[in-house]
Amino acid sequence: MRVMLTGGAGYIGSHTAAALAARGHQVVIFDNFANAERDVPARLERLTGQKMPVIEADIRDVPAVVAALREYPVDAVIHFAALKAVGESEADPLLYYDMNIIGTIRLLQAMQQAGVARIVFSSSATVYGQPDSSPILEDFPTRVENIYGRTKLVMEDLIRDLARTGKLAAAANLRYFNPVGAHPSALIGETPRGVPNNLMPYVTQVATGARPHLNVFGNDYATPDGTGVRDYIHVVDLAEAHALALEHIVANNVSITVNLGTGEGTSVLQLVQAFETATGRKIPLVIAPRRPGDVSSYYANPALAEATFGWRAKLNVEDMCRDSWRWQASRAGINDV
Ligand code: NAD
Ligand code: UD1
């Protein structure tokens, strides 16, 4: 297939581009580079041997999207382009409604004009809010706890509506748990701007010496060691899931909503321990107050993904730590991996 990736130069998009190329698909990257490095397409070409066309434009620019879809021509879209910072979404809700919700509506309009009716969408476990229990199944209630989460849920609903009314032939809403790691080649990875909000990028920056210690946000949660528990998933596994989900919905003309996680909960202290084991680097810790808005524990039941399109995560937390570090070390010019 020829697949257009909105946000294809970003963290998860670039890994999915590599996974699609490895399965023989042709990739078209559509990205405004608001949160991506310019050299990602060249790195992807080195990694995959495929020269991927790049359209530098905004998904809200309907004529630009229509032109891109018609030019190649495109069989399906994987839609990553979005803003994704919870704190920023609470500070500027209209910005998030515009980029994420209006952006998705414009993209869907362009797809309809160009006759492209298959989409895979980047959703998030954030749609479950504070779940009553874990492991989380897809039919658990959804709950909006912040603006970012609201935009994800609205975008999912738009896509489900269009699938239900026959405007989309095939759609997948993929609910990611906590994506971490990088391609083992260290050619692509995550480059957060400013101080990282998320745990793994922060840990890797402590390991390079860029930050003095990790603040552990709370050690009094009702979890085995008191620190927050998450379902970390290697971005290479996540990328593979996009390729399999796409092939499944296109082959069967169906629409699905599926969790993508490992099914394993890992605490902050367990992740730090795994990082130290995988990399030989010591991570100094300071116990800090809980971060407002944090959930104590959540992890996926990923059985539906396996039953539906035969995917399950293969990489473990030490693989995630090793590959995150390999990427961060190469960026920092450290050669011990
Ligand atoms: P990212 O910021 O690395 O990638 C997003 C890409 O989209 C960037 O390359 C950016 O330049 C581009 N982009 C943003 N707005 C655009 C616009 N209006 N037009 C064109 N391009 C635009 O983020 P990511 O971590 O790769 O996340 C990808 C998707 O997955 C997002 O929708 C995000 O909400 C979702 N998601 C991410 C996580 C996570 O932890 N990283 C978890 C759950 C869901
Ligand atoms: C965050 C987002 C969530 C998003 C997810 C995607 C918030 C409130 N939630 O969730 O919407 O879908 O990222 O990756 O921003 N921690 C520390 N010290 C740190 C950083 C994190 O102890 O410096 C702890 C947190 O308290 C949590 C765990 O590490 O227990 C994971 O945090 P993080 O990586 O930010 O992910 P989420 O909290 O799941």
Side-chain angles (χ1 to χ4, degrees), residues 5-16 29-38 40 55-61 64-65 78-90 96 98-100 102-104 106-107 121-129 145-149 151-152 155 174-180 188-193 195-203 205-206 211 213-219 221 223 227-233 235 238-239 242 260-261 265-269 271-272 285-299:
L5 275 49
T6 74
Y11 172 45
I12 303 168
S14 59
H15 288 83
T16 302
I29 293 173
F30 188 104
D31 200 302
N32 67 359
F33 289 86
N35 194 35
E37 306 273 323
R38 294 271 155 196
V40 169
I55 296 106
E56 181 172 346
D58 193 297
I59 51 166
R60 293 166 299 175
D61 181 347
V65 180
I78 307 186
H79 178 30
F80 298 98
L83 297 178
K84 59 170 185 174
V86 173
E88 184 186 49
S89 76
E90 291 286 294
Y96 272 66
D98 187 35
M99 293 295 271
N100 292 1
I102 303 285
T104 298
R106 296 287 172 256
L107 171 69
F121 172 62
S122 295
S123 188
S124 167
T126 198
V127 299
Y128 297 113
E145 270 157 29
N146 52 58
I147 300 289
Y148 168 69
T151 68
K152 283 287 162 203
M155 293 185 279
L174 303 181
R175 293 175 171 168
Y176 315 157
F177 280 66
N178 286 54
V180 297
I188 50 174
E190 183 178 19
T191 313
R193 301 205 166 143
V195 182
N197 291 314
N198 296 124
L199 179 61
M200 185 69 94
Y202 204 101
V203 167
Q205 292 194 9
V206 173
R211 311 208 176 267
H213 61 260
L214 173 72
N215 291 303
V216 176
F217 296 146
N219 66 350
Y221 285 109
T223 61
T227 65
V229 167
R230 298 289 182 275
D231 185 341
Y232 298 97
I233 172 166
V235 68
L238 189 64
H242 287 73
L260 295 177
T266 303
S267 75
V268 176
L269 296 182
L271 185 127
V272 169
L285 302 177
V286 170
I287 303 299
R290 291 182 178 193
R291 179 172 65 178
D294 267 359
V295 177
S296 74
S297 172
Y298 67 83
Y299 50 95

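All ligand and atom numbering here is 1-based and tracks the order in the structure.
Side chain of Asp31 to backbone of Phe33: a donor-acceptor contact under 3.5 angstrom is found. Proximity of a side-chain donor or acceptor of Tyr148 to a complementary backbone N or O of Leu83 within less than 3.5 Å is not detected.
Remark: Lys84 pairs with Glu190 by the salt bridge (charged side-chain N to carboxylate O under 4.0 Å, His left out) rule, at least two apart or across chains. Take Arg106 and apply the salt bridge (charged side-chain N to carboxylate O under 4.0 Å, His left out) test, not counting sequence neighbours, and it matches no residue.
Remark: of the listed residues Val286, Val272, Thr227, Thr227 is the sole one forming a side-chain contact (heavy atoms from CB on, under 4.5 Å) with Val216.
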Enumerate, one pair per line, all nitrogen or oxygen atoms of ligand 2 lying under 3.5 Å from a protein nitrogen or oxygen, stating the separation to 0.1 Å; write 'none' if no such pair exists.
unit_1   : atom_1 : unit_2 : atom_2 : d
ligand 2 : 12 (O) : Ser124 : OG     : 3.4
ligand 2 : 13 (O) : Asn198 : ND2    : 3.0
ligand 2 : 18 (N) : Asn215 : O      : 2.7
ligand 2 : 22 (O) : Asn215 : O      : 3.3
ligand 2 : 22 (O) : Phe217 : N      : 2.9
ligand 2 : 26 (O) : Asp294 : OD2    : 2.6
ligand 2 : 32 (O) : Arg291 : NH2    : 3.4
ligand 2 : 34 (O) : Asn198 : ND2    : 3.4
ligand 2 : 34 (O) : Leu199 : N      : 2.9
ligand 2 : 35 (O) : Asn198 : ND2    : 3.0
ligand 2 : 35 (O) : Arg291 : NH1    : 3.3
ligand 2 : 35 (O) : Arg291 : NH2    : 2.7
ligand 2 : 36 (O) : Asn178 : ND2    : 3.1
ligand 2 : 38 (O) : Arg230 : NE     : 3.4
ligand 2 : 38 (O) : Arg230 : NH2    : 3.3
ligand 2 : 38 (O) : Arg291 : NH2    : 2.9
ligand 2 : 39 (O) : Asn178 : ND2    : 2.9
ligand 2 : 39 (O) : Arg230 : NE     : 2.6
ligand 2 : 39 (O) : Tyr298 : OH     : 3.1

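For ligand 1, the 4.0 Å heavy-atom shell contains residues Gly7, Ala9, Gly10, Tyr11, Ile12, Asp31, Asn32, Phe33, Ala34, Asn35, Ala36, Ala57, Asp58, Ile59, Phe80, Ala81, Ala82, Lys84, Met99, Ser122, Ser123, Ser124, Tyr148, Lys152, Tyr176, Pro179.
Minimum heavy-atom separation, Ile12 to Tyr176: CD1-CE1, 3.5 Å.
Under the 30°/60° scheme for interplanar angles, the aromatic rings of His79 and Phe121 are found to be tilted.
Between Ile59 and Asn32 there is no side-chain heavy-atom pair separated by less than 4.5 Å.
If you look at Phe80 and His15, their ring centroids are not closer than 6.0 Å.
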